[in-house]
Amino acid sequence: MDTLALRAPEITRRDFLKIASAALALLGLSQALTPRVAKALEESLGKTAVVWLEGQDCAGCSESFLNSLEPPAASILLDTISLRYHETVMAASGEQAEEARAKAMEEGGYVLVIEGAIPMAEDGRFCTIGGKTFRDIVRETASRAAAIIPVGACATYGGIPRSGPTDAVGLLFRGTQRHHYFDDVIAGKPVINLPTCPVHPERLVGVIVHYLTFGTVPPLDRFHRPLAFYGHNQHENCERRGHFDAGRFLTDWGDPRQQEWCLYLKGCRGPVAYQDCWKRKWNNRVNYCIQANTPCVGCSEPEFYESFSPIYERQFDVELPGVGRVDIDKVMATVGGAVAASIGADLLISRAKGKKNGDGQSQVKAEKES
Ligand code: SF4
């Protein structure tokens, strides 16, 4: 059934190899697997169906995915697999569109991508499509799926809508809390959460290709995020970490000297954010938030947005992995206030914690290793 408005150019054997190679790099797997992945992709050509639902969302994840050039996400969706239902890109509307979803459900065994939060308040009536609540659409569509991939902060943990009146939740989580509204229809099915606002196209391509090739999902953390993409801390890998350690915090956006300094005082949530934006980057690998002089808002985390807002104001405390909670005001007060560029933040932190850093080594590092 050709219900879609977009068609990508015909995909060639060379394209399959290119996509396979890129996907393996995304997943951190050996390039020796390229022929196997390319074969799996070729064999699934047009066979693996995908149903993409949108609920309480801004369609930003769809935009992000379809704008990706490398790997060519549109080719993955439109040529390699069979996209059966997607409100934003399908040509069909009304009953014809709903028929496409019903037919896919009859056949079953598809990959279900969910974009947008699921409003639960007022029996789900804050979001209805074709006369049905999104909550019920998720229930019935999930019940026939083979695997489910909630994408973006909203579908995974509730995202920005969670801070509103609709009791918006992700498929498995309301923020950090695991709820059980859909457990009966998703029992036994893999659920792979791909948060951030929006979803990163490469992470979705990587998970789909992994599933098509191996029939399994990559290892996940306790919030159902693939460790390959969400297993690293932003702060530990940040190119501005040297400025943090040296106590150089940006306080004035207009000061040219401060342009590359640490953004912690401008609300950066890097110390509590787990993702690989620092190496994967965005916009076809041009840059990412911190590189573009914007604090990390922590959109990879279940606490985003409600518990992190207002997002451009600094946290009172900083939580450092392996160190614990550090009150930055006390840290500053300990050395007489102001930004002490000549005194490393590691030393400031150790002073605030009443510890000595006599050997000149990083106290943060020393505590992490102990
Ligand atoms: Fe980078 Fe933010 Fe950590 Fe500063 S606080 S080093 S900008 S992650």
Side-chain angles (χ1 to χ4, degrees), residues 153 195-197 200 203 221 225 229-283 285-305 307-335 337-353 357 361-369:
T196 65
C197 183
H200 197 299
R203 296 181 188 135
D221 70 8
R225 302 176 292 191
F229 305 140
Y230 301 91
H232 304 279
N233 179 252
Q234 168 62 44
H235 184 67
E236 301 214 340
N237 296 283
C238 185
E239 66 267 35
R240 298 186 187 223
R241 177 60 189 260
H243 293 293
F244 177 93
D245 289 347
R248 287 189 291 269
F249 299 103
L250 185 146
T251 54
D252 178 0
W253 295 110
D255 183 346
R257 284 181 319 134
Q258 299 186 15
Q259 291 313 299
E260 293 183 356
W261 287 8
C262 172
L263 298 165
Y264 173 72
L265 295 181
K266 290 296 184 188
C268 186
R269 303 300 192 262
V272 292
Y274 288 80
Q275 28 75 353
D276 57 1
C277 300
W278 45 277
K279 73 170 173 188
R280 190 165 307 288
K281 305 201 174 172
W282 287 76
N283 305 316
R285 304 199 176 193
V286 172
N287 62 6
Y288 77 112
C289 299
I290 289 174
Q291 192 179 344
N293 227 15
T294 302
C296 168
V297 297
C299 63
S300 57
E301 302 310 302
E303 293 91 342
F304 176 81
Y305 160 85
S307 307
F308 283 174
S309 65
I311 53 178
Y312 295 119
E313 284 184 16
R314 75 179 170 90
Q315 301 176 97
F316 187 71
D317 297 341
V318 58
E319 186 93 38
L320 294 177
V323 174
R325 191 163 286 272
V326 175
D327 182 331
I328 206 82
D329 281 345
K330 281 188 189 152
V331 168
M332 294 304 186
T334 304
V335 293
V339 175
S342 61
I343 303 176
D346 288 354
L347 176 58
L348 303 184
I349 289 165
S350 70
R351 287 179 66 158
K353 289 164 74 74
N357 190 11
Q361 297 296 307
S362 160
Q363 185 72 23
V364 174
K365 190 162 177 282
E367 288 188 17
K368 259 185 238 156
E369 286 169 355

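Atoms within a ligand are numbered from 1 in the order they appear, just like the ligands themselves. Worth saying up front: this structure is predicted, and the values here are computed from it rather than measured.
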- Message: What's the separation between atom CH2 in W282 and atom NE2 in H200, rounded to the nearest 0.5 Å?
- Response: 5.0 Å

- Item | Inter-residue atom distance C268.SG - F249.CZ, 0.5 Å rounding | 10.5 Å

- Query: How about Y288 and Q275: does a side-chain donor come under 3.5 Å of a side-chain acceptor?
  - Reply: no

- Which protein atoms of type N, O or S are found under 2.8 Å from atom 3 (Fe) of ligand 1? H235 ND1

- Euclidean distance, Q258 CD relative to W253 CH2, rounded to 0.5 Å: 10.0 Å

- Query: Can the positive tip of R240 be found less than 6.0 Å from the middle of the six-membered ring of Y264, inside 45° of the ring normal?
  - Reply: no

- Interatomic spacing from OG in S300 to CZ in R269 - rounded to 0.5 Å: 12.5 Å

